[in-house]
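Heads up: numbering here begins at 1 and tracks the sequence.
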Amino acid sequence: MTKMIAGQALAKVLLDWKVDHIYGITADSINNTVDGFYKEKEKLKYIQVRHEEIGALAAAADAKLTGKIGVSFGSAGPGAVHLLNGLYDAKMDHIPVLALVGQSSTGVMNTNFFQEMNQDPIFADVADFHKQVVSAEQIPYVVDEAIRSAYANHSVSVVIIPDDLSGQEIDFKGFKTKPIRAINTQVVPQQRDIDEVVKALKEAEHPILWVGRGAMNARDEIIKVSEKFSLPVLTTVPATGAIPTDHPNFMGSRGRLGTKPGFEVSQAADLVLFVGTNYPFARFLPQNIKFIQVNNNLADLGKQRDADLTVLSDAKLFFVELLKSDYSVESNKFLKAAQINKKNWDKWLERLAADDSEGLAAEGVIKAIRENAADDAIFGLDVGNNTEWSIRQLPLNKQQRMTMSPWYGTMGFGLPAGLAGKLSFPKRQTWTISGDGGYAMVMPDLLTEVKYHLPIVNVVLENNSFGFIQHEKLMSGQALYGIDLLGADWARMAEDMGAIGFKVTNLQELDDAMKKINELQKKGNNLPIVLDAKIKNVDPIDTSFVQVDPDVFDTQTIDDYRKRYNIDEKTQPAFSQILKEQD
């Protein structure tokens, strides 16, 4: 046997599971655990964040980007509570994350000692696995069990460790049971279900394909199915990139973060092939649409919308079997009209991007990112209007990756997502995109990027407002109260923190800044960059319900919608009008 402190045994368990970095802040209730990390510092990198929330969010982003478990830690009491925001993000997105939580030493537990809390109930809702160890020997065993649980259940695990226990010496030589990261069970579709789907496709006049994150590993198959059956394709927002964003059959997403063509083509559909997603807003599709749901989780079938036909199957295996069908469809007027509608939309975004006559447009900033992003860039998105702008324009057509907080929707996700992206993929260009509201919540951890020499490009879209909430107040007729934000010179603040800052207010300054950023990257810059983009405060178009179709809406409703978002009938006609022109 090999003697070591239990904290070091814990670190060795993490290394066995291929964890190479962890996030957290040390404190008196977790010092011995961190001392164990120190003893394995050559292989296990401790990333000292400035707030435990950032560490937990970064751990969640790690798991989203890599599929590997993300790990963060915090002290008893305040540190433990700070972890909750990132852990709930992980829970909502069903990803494996481990939190190691300190606790007062066993000798003072249950004596109302400083920062002593009964922490297990705090984590009972967020974590499928939550245990407090009661001996030093348990520590590596329980942590190993916690990691297996997180992988098996795609969930959060929490291990609470009294500090004196992790500092005790134990005999430990590792486990013979091998780590198994993934459960390689595949759900194969039944042939009768494939036959039913083909039959439904034959009977439909306006079918569409709608895919979610469960289909992210099936890009080639999605393209082939779309082209074989002439299907316009939508993705859920988190699944953007499941089909290349520049593919002519890709319509974008439906909803507030979506596109005009995404809304209109789904509204006009008579059949939706809904694959690899449990998208909550599917319930808002017209009720007369035939709904086919394909999912490998039996519990998700029919959960969000009553389905006409369900197929229990992995997305990729379903597509592979569907492609074996002899049936195919030549490009038809429905698909052609959808493609024209999407081209019109893209051109409209380009016009918005090119106009800085009344101030820099957010679309212009995202376009500049798109034009300067590498083919394998990592994008970490915050929550708010910045998400809308990013999803509509970012290039996710090659090997780029994007991560966000879709279900939990926590502001402040962007910067920690950038940390995770650069640490997990150190050779890949990494961008974060935040509004000034979300960035202000987490910007002290720019120091973390500086400390660890992480050349992340952090883009701040400053409009001095909680813009996403501003839209809700405008739509409900409420006063614009409580949403205005005090601005700051984020570029200069970045420089004061040891980073590089650029402030831009127009397209020329933006172009100059991007050229300088490119030069820095070519020279091997190892400092983070903040691009402080002062944009005009414009309410971005709400595509959750597009009101331009003269066959559905009255003239006044259409005129009001077009005027609100400055979309004229000539360049952005209704999809129904484009479809009629195909006859």
**Q** Could you pull out all residues at least two apart from Asp314 that satisfy side-chain hydrogen bond (donor to acceptor under 3.5 Å, both in side chains)?
**A**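 Scan of Asp314 (side-chain hydrogen bond (donor to acceptor under 3.5 Å, both in side chains), adjacent residues dropped) gives Asn296.
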**Q** Could you point out which residue of Asn32, Thr106, Thr33 forms a side-chain hydrogen bond (donor to acceptor under 3.5 Å, both in side chains) with Asp163?
**A**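 Only match with Asp163 under side-chain hydrogen bond (donor to acceptor under 3.5 Å, both in side chains): Asn32.
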**Q** If a pair satisfies side chain to side chain donor-acceptor pair (under 3.5 Å) and one of its residues is in residues 412-427, list it, with sequence neighbours excluded.
**A**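 Those involving residues 412-427 are Asp62-Ser424.
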**Q** With sequence neighbours excluded, what pairs up with Glu388 under the salt bridge (charged side-chain N to carboxylate O under 4.0 Å, His left out) test?
**A**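 Counting only residues at least two positions away or on another chain, Glu388 forms a salt bridge (charged side-chain N to carboxylate O under 4.0 Å, His left out) with Arg256, Arg392.
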**Q** How many angstroms lie between atom CD1 of Ile147 and atom CD1 of Ile180, to the nearest 0.5 angstrom?
**A**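 So the gap between those two atoms works out to 13.5 Å.
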**Q** Sort and list the pairs that fulfil salt bridge (Lys or Arg N to Asp or Glu O under 4.0 Å) and have at least one residue in residues 484-497, not counting sequence neighbours.
**A**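 Non-adjacent pairs meeting salt bridge (Lys or Arg N to Asp or Glu O under 4.0 Å): Asp489-Lys503.
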**Q** Would you say NZ of Lys523 has more than 12 non-hydrogen atoms from neighbouring residues, nucleotides or ligands within 6.0 angstrom?
**A**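 No, the 6.0 Å shell around NZ holds no more than 12 heavy atoms from other groups.
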**Q** Just jot down the ring pair (Phe, Tyr, Trp, His ring centres under 6.0 Å) partners of Phe113, sequence neighbours excluded, or say none.
**A**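 Ring pair (Phe, Tyr, Trp, His ring centres under 6.0 Å) list for Phe113, sorted by chain: empty.
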**Q** With a 4.5 Å limit on heavy-atom distance, are the side chains of Val159 and Ile161 in contact?
**A**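 Val159 reaches Ile161 side chain to side chain.
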**Q** Any salt bridge (Lys or Arg N to Asp or Glu O under 4.0 Å) involving residues 14-31? Give me the pairs, sequence neighbours left out, ordered by first then second residue.
**A**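 Listed once each, the pairs would be none.
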**Q** Please tell me if the side chains of Gln400 and Trp431 come closer than 4.5 Å, counting only heavy atoms from C-beta onward.
**A**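 No, every pair of side-chain atoms sits at 4.5 Å or beyond.
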**Q** Let me confirm one number: the CD1-CG distance from Ile54 to Asn85, rounded to the nearest 0.5 Å.
**A**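 Between Ile54 CD1 and Asn85 CG, I get 9.0 Å after rounding to 0.5 Å.
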**Q** What donor-acceptor contacts under 3.5 angstrom involve side-chain atoms of residues 92-105, with partners at least two apart or in another chain?
**A**
unit_1: Asp93; atom_1: OD2; unit_2: Lys64; atom_2: NZ; d: 2.8
unit_1: Gln103; atom_1: NE2; unit_2: Met117; atom_2: O; d: 2.9

**Q** What ring-ring contact (aromatic ring centres under 6.0 Å, His included) pairs are there with at least one residue in residues 30-86, not counting sequence neighbours?
**A**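 Those involving residues 30-86 are Phe37-Phe73, Tyr46-Phe73, His51-His82.
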**Q** Does either side chain, that of Asn278 or that of Asn295, offer a donor lying less than 3.5 Å from an acceptor on the other one?
**A**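 Asn278 vs Asn295: no donor-acceptor pair found between side chains.
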**Q** Excluding sequence neighbours, so at least two apart, what forms salt bridge (charged side-chain N to carboxylate O under 4.0 Å, His left out) with Glu169?
**A**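 Applying salt bridge (charged side-chain N to carboxylate O under 4.0 Å, His left out) to Glu169 gives none.
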**Q** Under the side chain to side chain donor-acceptor pair (under 3.5 Å) criterion, do Asp300 and Gln293 qualify, and how do the steps go?
**A** CA-CA 9 Å; Asp300 284 344; Gln293 186 177 7; over 6 Å; no
**Q** Apply the side-chain contact (heavy atoms from CB on, under 4.5 Å) test between Ile378 and each candidate in Leu65, Thr403, Ile456, Thr432; give the one that qualifies.
**A**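 Passing option: Leu65.
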**Q** Mind checking ring pair (Phe, Tyr, Trp, His ring centres under 6.0 Å) for Trp210 and listing every partner two or more places apart, or none if nothing turns up?
**A**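 Partners of Trp210 under the ring pair (Phe, Tyr, Trp, His ring centres under 6.0 Å) test: Phe274, Tyr279.
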**Q** Could you tell me which residues satisfy side-chain hydrogen bond (donor to acceptor under 3.5 Å, both in side chains) with Ser405, sequence neighbours excluded, listed by chain and number?
**A**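 Here the qualifying residues are Asp89.
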**Q** Side chains of Ile243 and Val211, heavy atoms from C-beta outward: is any pair under 4.5 Å?
**A**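 Answer no - side chains too far apart.
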**Q** List the residues meeting side-chain contact (heavy atoms from CB on, under 4.5 Å) with Met443, not counting sequence neighbours, and say none if there are none.
**A**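 If we apply the side-chain contact (heavy atoms from CB on, under 4.5 Å) test to Met443, skipping adjacent residues, the hits are Tyr439, Trp490, Met493, Met497.
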**Q** Roughly how far, to the nearest 0.5 Å, is the CG atom of Leu44 from the CG atom of Leu14?
**A**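 Output value for this atom pair is 6.0 Å.
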**Q** For residues Pro455 and Gln521, determine if any side-chain heavy atom of one lies less than 4.5 Å from a side-chain heavy atom of the other.
**A**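 Side chain of Pro455 against side chain of Gln521, heavy atoms only: no contact under 4.5 Å found.
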